[in-house]
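For reference, the structure is listed below as structure tokens.
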Amino acid sequence: MEGLSPNHLKKAKLMFFYSRYPSSNMLKMFFSDVKFNRCITSQLIKWFSNFREFYYIQMEKFARQAINEGVTAADDINVSRDSELFRALNMHYNKANDFEVPERFLEVAQITMREFFNAIVGASVLTLTFPKSHL
DNA sequence: TTGCCTCCTG
DNA sequence: CAGGAGGCAA
């Protein structure tokens with residue numbers, strides 16, 4: 001019925017730093033000590049789905065914050081280990097802070113942030129161009 | 001139908 | 001995070 005321990009959850013979170021969309025096969029390799037069945041697989045996939053939700057919610061949150069703080073160019077957005085965004089994400093996926101988050105994750109997070117920034121700015125431009133009834 | 005995903009709740 | 005609803009592709 002189960003097979004996934006709290007440690008597996010912690011391990012999954014660390015894996016998230018490397019891939020946001022691990023395939024079921026990748027999961028099977030990463031969790032080679034687990035006897036997979038539909039429930040286990042679904043469980044793990046659900047975890048990553050939840051991880052992504054949190055990730056994207058934070059992205060939108062901080063992208064809007066940057067806009068409100070006056071940032072006008074996506075290129076002015078940078079994500080480093082001392083960024084508020086990173087602190088929020090690290091707190092969520094690496095609570096114990098006993099793992100060194102790969103540099104690659106910072107790069108990806110920054111790219112994501114910029115994409116959200118542009119998407120939000122773009123959307124606001126639309127509402128300004130086509131106000132009220134026209135949308 | 002099955003599998004995976006997002007969205008929304010609690 | 002778990003559950004359930006609902007969309008979508010295989």
Side-chain angles (χ1 to χ4, degrees):
Chain A
M1 290 308 232
E2 277 192 298
L4 292 178
S5 67
N7 287 317
H8 286 120
L9 174 58
K10 179 181 293 184
K11 188 175 181 182
K13 289 187 173 184
L14 296 186
M15 182 183 183
F16 187 72
F17 281 120
Y18 294 92
S19 71
R20 267 55 69 195
Y21 281 89
S23 65
S24 59
N25 296 311
M26 295 168 79
L27 291 173
K28 290 179 180 177
M29 287 190 269
F30 198 74
F31 295 92
S32 57
D33 64 323
V34 177
K35 41 188 174 178
F36 280 73
N37 59 53
R38 295 186 190 67
C39 296
I40 297 297
T41 303
S42 296
Q43 171 67 299
L44 284 171
I45 288 180
K46 176 61 178 179
W47 280 355
F48 277 80
S49 180
N50 284 324
F51 295 164
R52 286 193 293 278
E53 267 198 294
F54 182 81
Y55 180 80
Y56 292 125
I57 288 175
Q58 297 308 304
M59 288 297 160
E60 183 177 349
K61 174 184 173 182
F62 286 100
R64 289 183 185 291
Q65 182 177 301
I67 291 174
N68 292 323
E69 295 180 334
V71 177
T72 57
D75 312 287
D76 293 332
I77 294 177
N78 292 301
V79 176
S80 60
R81 291 172 192 286
D82 52 277
S83 297
E84 290 181 56
L85 169 63
F86 178 74
R87 290 198 302 128
L89 296 175
N90 188 60
M91 171 75 93
H92 192 75
Y93 309 116
N94 183 34
K95 193 96 62 180
N97 198 47
D98 55 5
F99 173 74
E100 188 181 299
V101 179
E103 197 60 36
R104 174 56 179 157
F105 181 75
L106 279 295
E107 298 171 18
V108 174
Q110 178 165 290
I111 291 173
T112 306
M113 265 291 275
R114 294 181 174 181
E115 295 186 326
F116 265 74
F117 176 89
N118 288 323
I120 295 172
V121 172
S124 65
V125 169
L126 279 180
T127 62
L128 289 175
T129 305
F130 305 112
K132 33 202 167 182
S133 61
H134 296 297
L135 274 184

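A, B, ... follow the sequence lines: proteins, then strands. Residue 1 opens every chain. Bear in mind that the values here come from a model prediction, so they are computed numbers and not experimental data.
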**OP:** Can you sort out the partners of Ser32(A) under side-chain contact (heavy atoms from CB on, under 4.5 Å), two or more places apart, ordered by chain and number?
**Re:** none
Subject >> Pairing residues for Tyr18(A) by the side-chain contact (heavy atoms from CB on, under 4.5 Å) criterion, not counting sequence neighbours >> reply: Phe99(A), Pro102(A)
Round to a whole Å and report the spacing from [atom1] of [X] to [atom2] of [N].
{"X": "Met59(A)", "N": "dT6(B)", "atom1": "CE", "atom2": "C1'", "answer": "18 Å"}
{"X": "Lys28(A)", "N": "dG3(B)", "atom1": "NZ", "atom2": "P", "answer": "11 Å"}
{"X": "Asn37(A)", "N": "dT2(B)", "atom1": "CG", "atom2": "C1'", "answer": "15 Å"}

Original post:
What residues in residues 10-18 of chain A put a non-hydrogen atom under 4.0 Å from any atom of DNA chain C?
Top reply: Lys13(A)
When clusters are formed by joining ILVMFWY residues with side-chain heavy atoms under 4.5 Å apart, either directly or through shared neighbours, do [X] and [Y] land in the same one?
{"X": "Met91(A)", "Y": "Trp47(A)", "result": "no"}
{"X": "Met59(A)", "Y": "Phe54(A)", "result": "yes"}
{"X": "Tyr93(A)", "Y": "Tyr56(A)", "result": "yes"}
{"X": "Leu89(A)", "Y": "Leu9(A)", "result": "yes"}

Report yes if the side chains of [X] and [Y] come closer than 4.5 Å at any heavy-atom pair, otherwise no.
{"X": "Arg20(A)", "Y": "Phe51(A)", "answer": "no"}
{"X": "Phe48(A)", "Y": "Tyr21(A)", "answer": "no"}
{"X": "Phe31(A)", "Y": "Ile40(A)", "answer": "no"}
{"X": "Leu27(A)", "Y": "Met15(A)", "answer": "yes"}

Original post:
Can you pull the contact range of chain A along DNA chain C, 5' to 3', using atoms under 4.0 angstrom from its heavy atoms?
Top reply: dC1(C) to dG4(C)
Let me have the donor-acceptor pairs involving side chains of residues 108-121 of chain A, under 3.5 Å, with sequence neighbours excluded, atom names and distances please.
{"residue": "Gln110(A)", "atom": "OE1", "partner": "Val79(A)", "partner atom": "N", "Å": "2.7"}
{"residue": "Thr112(A)", "atom": "OG1", "partner": "Tyr55(A)", "partner atom": "OH", "Å": "3.0"}
{"residue": "Thr112(A)", "atom": "OG1", "partner": "Val108(A)", "partner atom": "O", "Å": "2.9"}
{"residue": "Arg114(A)", "atom": "NE", "partner": "Ala74(A)", "partner atom": "O", "Å": "3.2"}
{"residue": "Arg114(A)", "atom": "NE", "partner": "Ile77(A)", "partner atom": "O", "Å": "2.9"}
{"residue": "Arg114(A)", "atom": "NH2", "partner": "Asp75(A)", "partner atom": "O", "Å": "3.1"}
{"residue": "Arg114(A)", "atom": "NH2", "partner": "Ile77(A)", "partner atom": "O", "Å": "2.8"}
{"residue": "Arg114(A)", "atom": "NH2", "partner": "Asn78(A)", "partner atom": "OD1", "Å": "3.1"}
{"residue": "Asn118(A)", "atom": "ND2", "partner": "Arg114(A)", "partner atom": "O", "Å": "3.2"}

**OP:** Give, ordered by number, those residues of residues 42-52 of chain A having at least one heavy-atom distance below 4.0 Å to an atom of DNA chain B; if nothing qualifies, reply none.
**Re:** Ile45(A), Lys46(A), Ser49(A), Arg52(A)
**OP:** Please tell me which of Tyr21(A) and Arg38(A) maps to the more 5' nucleotide of DNA chain B, matching each residue to the nucleotide holding its nearest heavy atom.
**Re:** Arg38(A)
Original post:
Counting any heavy atom closer than 4.0 Å, what does Tyr56(A) reach on the DNA or RNA strands: base, sugar-phosphate only, or nothing?
Top reply: nothing
